[in-house]
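Shown next, in C-alpha cells, is the structure this report addresses.
Chain naming here is simple, since letters A, B, ... match the order of the sequence lines and numbering starts at 1 in each.
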There are 2 protein chains.
Amino acid sequence: MKKNIGRPKAFDEQEALKIAMHYFWEHGYDKSSLSGLLEAMNIKKSSFYQTFKSKEHIFRLSLELYAKMSYEYMQGLKKEMGAKGVLLHIVYETISELRETGKVKGCLLANSSSECFSNHPHFNELISYKFKTFRKLFKELIEEAQNEGEIKNTLPSSTLGSIYQSLINGLVQMIQLGASKEELNAVIKHIEELLT
Amino acid sequence: MKKNIGRPKAFDEQEALKIAMHYFWEHGYDKSSLSGLLEAMNIKKSSFYQTFKSKEHIFRLSLELYAKMSYEYMQGLKKEMGAKGVLLHIVYETISELRETGKVKGCLLANSSSECFSNHPHFNELISYKFKTFRKLFKELIEEAQNEGEIKNTLPSSTLGSIYQSLINGLVQMIQLGASKEELNAVIKHIEELLT
DNA sequence: GATATTTAGTACCAATTGGTACAGAACTAA
DNA sequence: TTAGTTCTGTACCAATTGGTACTAAATATC
C-alpha cells in the first residue's frame, strides 16, 4: 500500500522509533519531554506528529518494540549458551552494567509499570499484556533446562519462573536503593542455587 | 525557641506533612503537583512555602517521616507477633491491600528510588541512606527469629535479609505487572519456606 | 490602643508541557 | 509544466509547572 508519491521522508521511521524507545527506557514516560524526544530523534515536531500521532502512541509503539527486541535477543542468546545460560546471563549482564556505567536501566516494561501503574493506568493493560511474553519465555527456558538436566530443581517451571522474575526485579530495585556488593552477591548466589 | 508572637498557624504542621507524605506515596514525586498537594493539605501556597520551603524540601521531610513511621510500625508489630511474624505480616499485608483496593502502593522509598534514580539523582543519597534503616531492621528481625528458633534456616541473617528484601520488592513489581494469583502464591510460598 | 511580628490569600511570573495551524518545499504522475 | 500529494519548519496555542511579591488579617507585647 506504499505509494512513492509526494515528498519522501528525510528520516528512517524504524530508526527514529528505536531512538525513542531508548529515550523512554532511560528517562521514563513522563520525564521524556517532547522536546527531548525530538532532539534525540533529530526530527521536527510536525514530522513527529505526522508519523507517530502522539506521545502516547509512540510510547505504545516503544513498549511493543522493546518486547519484540528483547524476545529476539533472548532467543539469540539461547542458541549461543543454552536455556539456563540465558537466565544466568541476564543476571550477570545487570551486574556488568552496574560496574561499567554505575547504574542500571532495568526492564522498560517493569519500569513503565511502576511509573504508570497509578498515574497512567490506561497503559497497564498493554504493559502487563506485553510482559506475559516474558513470563512465558522464562517458564519455557526453565522447562527446557530441566528437561536437559541443566536444572535439577524439581519445582514446577511456572513456579520457578515466578520466583526467578521476582528476584530479578528485586535485584534491580536493590541496586537502585544502594545495596552493597555483598548484599547483591547474596541475591545472585540465591538465584544460582535456585537454578541448580 | 518558639515564640507565641504573631498570627498563629491555622493548620497543624505535622498533620500537613503527614498528608503530603501520603500524597507523595500515592502519586510519586513528579506527579505530585503543587496544586494537588495544596488541595490535599488544605492550605494555601504562601503557607506552604513559608512552612515547608519548597516542594523538594517537603519531599525530603516526607521520606524521613515515612522511614520513621514505618520503623515504629514494625517495632510495634514485633511486640505483637514476634520477629518472624513481622516479616510474614508484611507479605500478607501486601496481598490484603491488593485484594481490598485492587492495587498496591509499595514502599515509598523503593518507589522513589525507581522514579528518582536517573531523573532526580540528588535524592539518591537520602533515599539509600534512609533505606539502610530497613535493611538493618530486617537483618535484626531475622537474627532474632533465628536465635529464638522461629527460623531454622542457617544462612547468615544479612544474606537472608537481602534475599527477603529482593523478593518483597519483586513481589510488588509483579503485582503491578499483572501477575496472576498463582504466580504470586509461588513467590509467597518461597518466602515462607525461606523463613522456616 | 499602637506596634512589631507572623500567617493567609491573591495576583502574578517565566518556563515548560503536549499539541495544532499553516506556509512552503520536495517529490510523483499526468 | 502542472496538478496532486506528502513532508518539513516555524509560529503559535492554552494549560500547567514550581515559585515569588504584595496586601490584608490575626495575634502578643508594650
Taking atom [atom2] of [N] as reference, at what distance in whole Å does atom [atom1] of [X] sit?
{"X": "B:Ile5", "N": "C:dT6", "atom1": "CD1", "atom2": "P", "result": "6 Å"}
{"X": "A:Leu38", "N": "D:dG9", "atom1": "CG", "atom2": "P", "result": "11 Å"}
{"X": "A:Gln50", "N": "D:dT10", "atom1": "CD", "atom2": "C1'", "result": "15 Å"}
{"X": "A:Glu39", "N": "C:dG18", "atom1": "CD", "atom2": "P", "result": "14 Å"}
{"X": "B:Phe59", "N": "D:dT17", "atom1": "CZ", "atom2": "P", "result": "17 Å"}
{"X": "A:Lys45", "N": "D:dT10", "atom1": "NZ", "atom2": "P", "result": "13 Å"}
{"X": "B:Lys53", "N": "D:dT20", "atom1": "NZ", "atom2": "C1'", "result": "14 Å"}
{"X": "A:Leu34", "N": "C:dT20", "atom1": "CG", "atom2": "C1'", "result": "12 Å"}

Residues A:Glu56, A:Arg60: salt bridge by 4.0 Å N-O rule: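 Salt bridge between A:Glu56 and A:Arg60, a charged N being under 4.0 Å from a carboxylate O: yes.
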Aromatic ring proximity, centroids under 6.0 angstrom, A:Phe24 and A:Tyr66: no
Within-4.5 Å side-chain heavy-atom neighbours: B:Leu177 and A:Ile127: yes
How would you label the contact of [X] with the nucleic acid (heavy atoms, under 4.0 Å): base, sugar-phosphate, or nothing?
{"X": "A:Ser35", "value": "sugar-phosphate"}
{"X": "A:Phe48", "value": "nothing"}
{"X": "A:Ser46", "value": "base"}

If you check every side-chain atom of [X], which of [options] has the closest atom?
{"X": "B:Lys9", "options": "C:dT7, D:dT27, D:dG4", "value": "C:dT7"}
{"X": "B:Lys44", "options": "C:dG18, C:dT10, D:dG18", "value": "C:dT10"}
{"X": "B:Lys55", "options": "D:dT27, D:dG19, D:dC7", "value": "D:dG19"}
{"X": "B:Ser33", "options": "D:dT17, D:dC7, C:dG18", "value": "D:dT17"}
{"X": "B:Tyr49", "options": "D:dT8, C:dA8, D:dG18", "value": "D:dG18"}

What orientation do B:Phe134 and B:Phe131 show, parallel under 30°, tilted 30 to 60°, or perpendicular over 60°?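 Ring orientation of B:Phe134 relative to B:Phe131: parallel.
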B:Ser47 vs C:dT7: side-chain N/O to OP1/OP2 distance below 4.0 Å: no
Start at the 5' end of DNA chain D and walk down; is the nucleotide closest to A:Phe11 or to B:Asp30 reached first? A:Phe11
Quick check: does any side chain N or O of A:Lys31 sit under 3.5 Å from a backbone N or O of B:Glu115, one acting as donor and the other as acceptor?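 Checking the backbone N and O of B:Glu115 against the side chain of A:Lys31, no donor-acceptor pair under 3.5 Å is found.
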